[in-house]
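Note that ligands are numbered from 1 as they come in the structure, with each ligand's atoms numbered from 1 the same way.
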Amino acid sequence: MTPPSDLAMVPFVSVENMMRLVNTIGPRKMMAEMVTYLEADFRRWPDFDKTPRVAAHSEEGVIELMPTSDGEHYGFKYVNGHPANMQRGFQTVTAFGVLARVANGYPVLFTEMTILTALRTAATSALAAKNLAPKGASVMAMIGNGAQCEFQALAMAEVCGITEFRLYDIDPAATEKAAKNLSAQGLKIVKCATGQEAVAGAHIITTCTADKRNATVLTDNMVGAGVHINAIGGDCPGKTELHADILHRADIFVEYPPQTWIEGEIQVLDKDHPITELWQVIDGQIEGRKDDRQITLFDCVGFALEDFSALRYVYEKLEETGHFEKLDLLADPDDPRDLFGMVQRSHQDTH
Ligand code: NAD
């Protein structure tokens with residue numbers, strides 16, 4: 001990674017600059033490029049420090065810290081998940097994050113990550129589908145048409161060649177919003193009145209709903225042979241989307257098992273139930289899809305390595321695009337031991 005010239009001033013990517021970055025590169029291209037970063041990092045999975053994210057749960061939602069390091073850089077994300085926020089006019093998920101150099105501990109990037117999380121989650125979904133979805137998949141059902149929806153659809157279109165999206169949400173206004181946004185991107189959209197209607201003929205089913213309970217967005221009879229399920233919304237203890245019977249028919253692929261056993265769809269299964277780590281499929285160590293009738297399930301909860309890849313991507317785009325400000329984040333006296341003297345001199349200067 002290219003080091004920034006001024007170590008004390010930390011590059012900061014605001015929401016405004018992140019939007020500029022997305023619009024400069026284009027959302028589809030950006031997510032496709034992020035897939036290559038994710039792929040590279042998933043392939044060197046053993047190099048990373050891994051821990052389940054640190055979660056502070058409340059009745060309303062969860063606030064989480066997601067750290068990881070590859071020995072050269074350290075990254076973390078602060079993220080919340082509050083399903084009732086949307087009704088109160090707030091985002092369900094907001095985030096920001098930091099990338100730092102391990103050698104001296106100095107941050108090298110501070111960035112908004114609400115938009116970046118939507119991009120990285122969609123890129124991760126596309127990477128999983130690229131490895132697990134049936135060959136020639138062209139139709140995706142998208143259940144849950146909230147903030148993540150359009151990103152998910154665009155990444156699947158760009159990376160997996162999906163051409164038709166069948167949208168369903170319990171709130172028709174969400175479906176209208178997503179249909180309008182996605183039609184403007186030139187995608188074929190079918191608005192559906194039920195989940196059952198949405199999954200008809202779909203090769204990939206993405207569930208991306210927000211509800212703090214064990215919901216049943218998909219029932220067993222809705223899932224036919226050969227489909228790939230991309231389950232995004234079940235990502236906390238007591239917050240799942242699929243009927244348990246589906247888990248017994250599917251081959252299940254996960255990010256980091258110690259975290260997914262706590263947060264994923266598999267939290268309802270016995271701990272000896274077979275699961276496969278996605279990185280081993282991406283690295284070619286284990287076969288993903290074996291036949292046309294197999295049901296594959298990516299039980300996605302969101303893992304720190306994906307944020308690390310996204311931070312690494314944004315960091316490497318800084319110099320090329322210039323979409324950042326310099327933030328006076330680090331106290332950096334000329335004499336490193338004279339922190340107090342620096343404060344005093346500043347007081348004298350201002351009086
Ligand atoms: P959002 O609140 O903007 O949208 C959620 C949508 O789901 C809403 O439109 C709501 O009406 C709809 N919904 C709720 N219950 C439904 C049901 N039973 N059937 C159909 N639709 C239903 O939230 P978002 O930002 O789009 O996030 C969606 C989910 O994805 C959240 O649960 C969030 O925690 C999760 N998420 C996961 C990851 C990950 O890495 N796995 C990343 C980001 C978000």
Legend entry - Any side-chain heavy-atom pair of F253 and I275 under 4.5 Å: no
Legend entry - Option passing side chain to side chain contact (heavy atoms under 4.5 Å, CB included) with H323 (candidates V314, L21, V22, I25): L21
Legend entry - Proximity flag R120 to ligand 1, non-hydrogen atoms under 4.0 Å: yes
Inset, instruction - Tell me, please: is F303 in heavy-atom contact with ligand 1, that is, under 4.0 Å? - result: no
Inset, instruction - Indicate the atoms forming the closest heavy-atom contact of S183 with I189, along with that distance. - result: OG-CG1, 3.7 Å
Inset, instruction - Consider every N or O of A147 and every N or O of ligand 1, then say whether any pair is closer than 3.5 Å. - result: yes
Inset, instruction - Measure the distances from the heavy atoms of A215 to every atom of ligand 1 and state whether one is below 4.0 angstrom. - result: no
Inset, instruction - Give the residue, atom name and distance (to 0.1 Å) of the protein heavy atom nearest atom 1 (P) of ligand 1. - result: T92 OG1, 3.5 Å
Legend entry - S346 side chain to M342 backbone, donor-acceptor under 3.5 Å: no
Inset, instruction - Can you figure out which of M86, K177, Q148 has its heavy atom closest to atom 44 (C) of ligand 1? - result: Q148
Legend entry - Polar proximity ligand 1 side, V217 side, N/O cut 3.5 Å exclusive: no
Inset, instruction - Tell me which part of V301 gets within contact of ligand 1: side chain, backbone, both or neither, using heavy atoms under 4.0 Å. - result: backbone
Legend entry - Straight-line distance of E255 CD to W45 CH2, nearest 0.5 Å: 7.0 Å
Legend entry - C208 to ligand 1, any heavy atom closer than 4.0 Å: yes
Inset, instruction - Pick whichever of G146, C149, G61 has a heavy atom sitting closest to atom 4 (O) of ligand 1. - result: G146
Inset, instruction - State plainly whether the residues E164 and R166 are in salt-bridge range, i.e. N to O under 4.0 Å. - result: yes
Legend entry - Salt bridge flag under 4.0 Å for residues R53 and E263: yes
Legend entry - Polar proximity ligand 1 side, T117 side, N/O cut 3.5 Å exclusive: no
Inset, instruction - Inspect the surroundings of CG in D334 and state if more than 12 heavy atoms from other residues, nucleotides or ligands are less than 6.0 Å away. - result: no
Legend entry - Check: Y168 N/O within less than 3.5 Å of ligand 1 N/O: no
Inset, instruction - Verify whether one side chain among R20 and N23 offers a donor that lies under 3.5 Å from an acceptor in the other. - result: no
Inset, instruction - Return the orientation label for the F96 and F76 ring planes: parallel under 30°, perpendicular over 60°, tilted otherwise. - result: perpendicular
Inset, instruction - Have a look at D169, T194, L218 and point out the one with the heavy atom closest to atom 9 (O) of ligand 1. - result: D169
Inset, instruction - Compute the shortest N/O to N/O distance between N145 and ligand 1 and return yes if it is under 3.5 Å, no if not. - result: no
Inset, instruction - Using distance alone, determine whether G233 and ligand 1 share an N or O pair under 3.5 Å. - result: yes
Inset, instruction - Say whether I170 and ligand 1 are in contact under the criterion: heavy-atom distance to a ligand atom below 4.0 Å. - result: yes
Inset, instruction - Look at K239 together with D235 and state whether they make a salt bridge at an N to O cut-off of under 4.0 Å. - result: yes
Inset, instruction - May I ask which of T209, T121, V93 has a heavy atom nearer to atom 31 (C) of ligand 1 than the others do? - result: T209
Inset, instruction - Return yes when K239 approaches ligand 1 closer than 4.0 angstrom through a heavy atom, no otherwise. - result: yes
Legend entry - Salt bridge present between E64 and K77 (N-O < 4.0 angstrom): no
Inset, instruction - Can you sort out which atoms of ligand 1 are near D235, meaning under 4.0 Å from one of its heavy atoms? - result: 33 (C), 34 (O), 35 (C), 36 (N), 37 (C)
